[in-house]
Amino acid sequence: AQTVTQSQPEMSVQEAETVTLSCTYDTSESNYYLFWYKQPPSRQMILVIRQEAYKQQNATENRFSVNFQKAAKSFSLKISDSQLGDTAMYFCAFEETSGSRLTFGEGTQLTVNP
Amino acid sequence: NAGVTQTPKFQVLKTGQSMTLQCAQDMNHNSMYWYRQDPGMGLRLIYYSASEGTTDKGEVPNGYNVSRLNKREFSLRLESAAPSQTSVYFCASTRLTGVPNGYTFGSGTRLTVV
């Protein structure tokens with residue numbers, strides 16, 4: 001079974017600074033998909049960014065980017081120019097194939113301070 | 001608005017009572033899922049339905065049953081609620097074919113069993 005680990009239960013960052021959230025996973029598969037979800041206090045789950053394992057190029061979405069290290073099975077999320085609205089719980093998630101089960105990490109609570 | 005609709009948003013049950021959580025999606029997705037979210041444990045899969053007419057157990061199925069009523073609707077039933085089932089429940093859906101674009105989640109149901 002696949003496992004996803006987020007070793008940072010809580011993190012904080014000053015507004016406008018950069019922060020990196022860590023995620024590691026375990027799988028024997030060579031092709032899979034990785035995601036970062038954001039859950040603000042509203043409780044809604046919002047997809048932030050996704051990465052296909054067969055792509056070497058790291059995904060980027062505006063201020064959000066990932067550092068995908070396939071050999072190390074690491075998938076970290078970098079948030080640049082942090083904003084107060086980035087305060088949320090962030091979940092790393094793994095999907096083996098399209099439509100298969102999505103496995104989540106424990107989550108990292110990020111607080112952006114003014 | 002297109003998306004996943006969950007009802008109710010909040011519920012308090014007494015131990016031993018039963019209830020059904022409703023979920024409907026209008027995106028013509030094939031796969032639907034029920035997750036529970038507990039502090040420090042991320043989201044854990046209870047049951048899923050890869051396509052209409054099929055259901056399968058996830059990581060934590062004990063104490064729950066599901067029904068895939070049609071392509072749009074996927075309900076979760078607690079036959080005899082226990083305090084250990086106090087949690088936030090999320091329904092999600094995704095298309096089965098093509099490159100995964102992440103799951104679409106409902107807004108969640110906060111269930112308290114006393």
Side-chain angles (χ1 to χ4, degrees), chain A residues 1-10 21-26 29 31-55 59 61 64 66 75 77 88-109, chain B residues 1 3-6 8-10 23 25 27-52 54-61 71 87-111:
Chain A
Q2 287 73 32
T3 58
V4 180
T5 303
Q6 294 177 247
S7 59
Q8 305 152 313
E10 298 179 352
L21 280 58
S22 300
C23 173
T24 59
Y25 58 94
D26 186 30
E29 299 298 319
N31 192 26
Y32 47 87
Y33 306 89
L34 296 161
F35 304 87
W36 278 99
Y37 282 86
K38 168 185 177 180
Q39 186 182 45
S42 67
R43 205 168 66 198
Q44 186 66 45
M45 294 288 287
I46 302 166
L47 178 63
V48 174
I49 198 166
R50 68 177 177 132
Q51 174 80 42
E52 291 92 343
Y54 62 86
K55 290 187 176 180
E61 289 287 344
F64 298 87
V66 299
F75 182 60
L77 175 69
M89 181 73 80
Y90 287 81
F91 291 100
C92 178
F94 172 99
E95 183 176 15
E96 188 175 289
T97 57
S98 176
S100 69
R101 305 184 289 184
L102 199 58
T103 301
F104 287 86
E106 305 90 339
T108 297
Q109 176 63 49
Chain B
N1 292 334
V4 178
T5 302
Q6 279 184 246
K9 294 190 184 304
F10 301 93
C23 176
Q25 53 89 10
M27 297 168 288
N28 202 35
H29 284 168
N30 293 306
S31 301
M32 298 185 72
Y33 306 80
W34 277 105
Y35 285 86
R36 60 176 289 173
Q37 181 180 9
D38 302 292
M41 304 187 76
L43 279 75
R44 293 180 293 167
L45 183 64
I46 304 171
Y47 270 94
Y48 67 102
S49 172
S51 61
E52 185 178 357
T54 68
T55 60
D56 286 285
K57 295 179 180 180
E59 184 183 354
V60 288
K71 192 171 185 178
S87 187
V88 178
Y89 292 84
F90 285 95
C91 178
S93 70
T94 191
R95 65 185 182 191
L96 188 60
T97 58
V99 176
N101 61 350
Y103 290 14
T104 301
F105 285 84
S107 57
T109 297
R110 182 175 292 279
L111 175 67

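Every chain is numbered from 1 and lettered A, B, ... according to where its sequence line falls, protein lines coming before strand lines. No hydrogens, no waters, no symmetry mates; every other heavy atom, side chains included, goes into these values.
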Legend entry - Leu47(A), part contacting chain B, at a heavy-atom distance under 4.5 Å: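 Side chain of Leu47(A) only, per the 4.5 Å heavy-atom cut-off to chain B.
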Legend entry - Residue Gln109(A) versus chain B: region with a heavy atom under 4.5 Å: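 For Gln109(A), there is no contact with chain B at all, as no heavy atom is under 4.5 Å.
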Inset, instruction - Check whether any side-chain heavy atom of Tyr37(A) sits under 4.5 Å from a side-chain heavy atom of Leu43(B), and report yes or no. - result: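 The answer is no, as the side chains (C-beta and beyond) never meet within the 4.5 Å cut-off.
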Inset, instruction - Taking the side chain as every heavy atom from C-beta outward, state whether Gln37(B) and Phe91(A) have any atom pair closer than 4.5 Å. - result: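 Yes; the side chains approach each other to less than 4.5 Å.
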Inset, instruction - With sequence neighbours excluded, tell me which residues meet salt bridge (Lys or Arg N to Asp or Glu O under 4.0 Å) with Asp56(B). - result: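 Checked Asp56(B) against salt bridge (Lys or Arg N to Asp or Glu O under 4.0 Å); zero matches.
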Inset, instruction - Starting at OG1 of Thr103(A), measure out to CG of Leu45(B) and round the result to the nearest 0.5 Å. - result: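 CG of Leu45(B) is found 8.0 Å from OG1 of Thr103(A).
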Legend entry - Straight-line distance of Gln39(A) CD to Phe90(B) CZ, nearest 0.5 Å: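 One finds 4.5 Å between CD of Gln39(A) and CZ of Phe90(B).
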Legend entry - Gln44(A) side-chain N/O to Gly108(B) backbone N/O, donor-acceptor pair under 3.5 Å: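 Side chain of Gln44(A) to backbone of Gly108(B): no pair is present.
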Legend entry - Tyr103(B) side chain vs Met45(A) backbone, donor-acceptor pair below 3.5 Å: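 Side chain of Tyr103(B) to backbone of Met45(A): no pair is present.
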Inset, instruction - Would you name the heavy atoms of Arg43(A) and Thr109(B) that are closest together and state the gap between them? - result: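 Here Arg43(A) and Thr109(B) meet closest at NH2-N, 4.1 Å.
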Legend entry - Results of side-chain contact (heavy atoms from CB on, under 4.5 Å) for Arg44(B) - residues two or more places apart only: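 For Arg44(B) the side-chain contact (heavy atoms from CB on, under 4.5 Å) partners, ignoring immediate neighbours, are Arg36(B), Asp38(B), Met41(B), Glu59(B), Val60(B).
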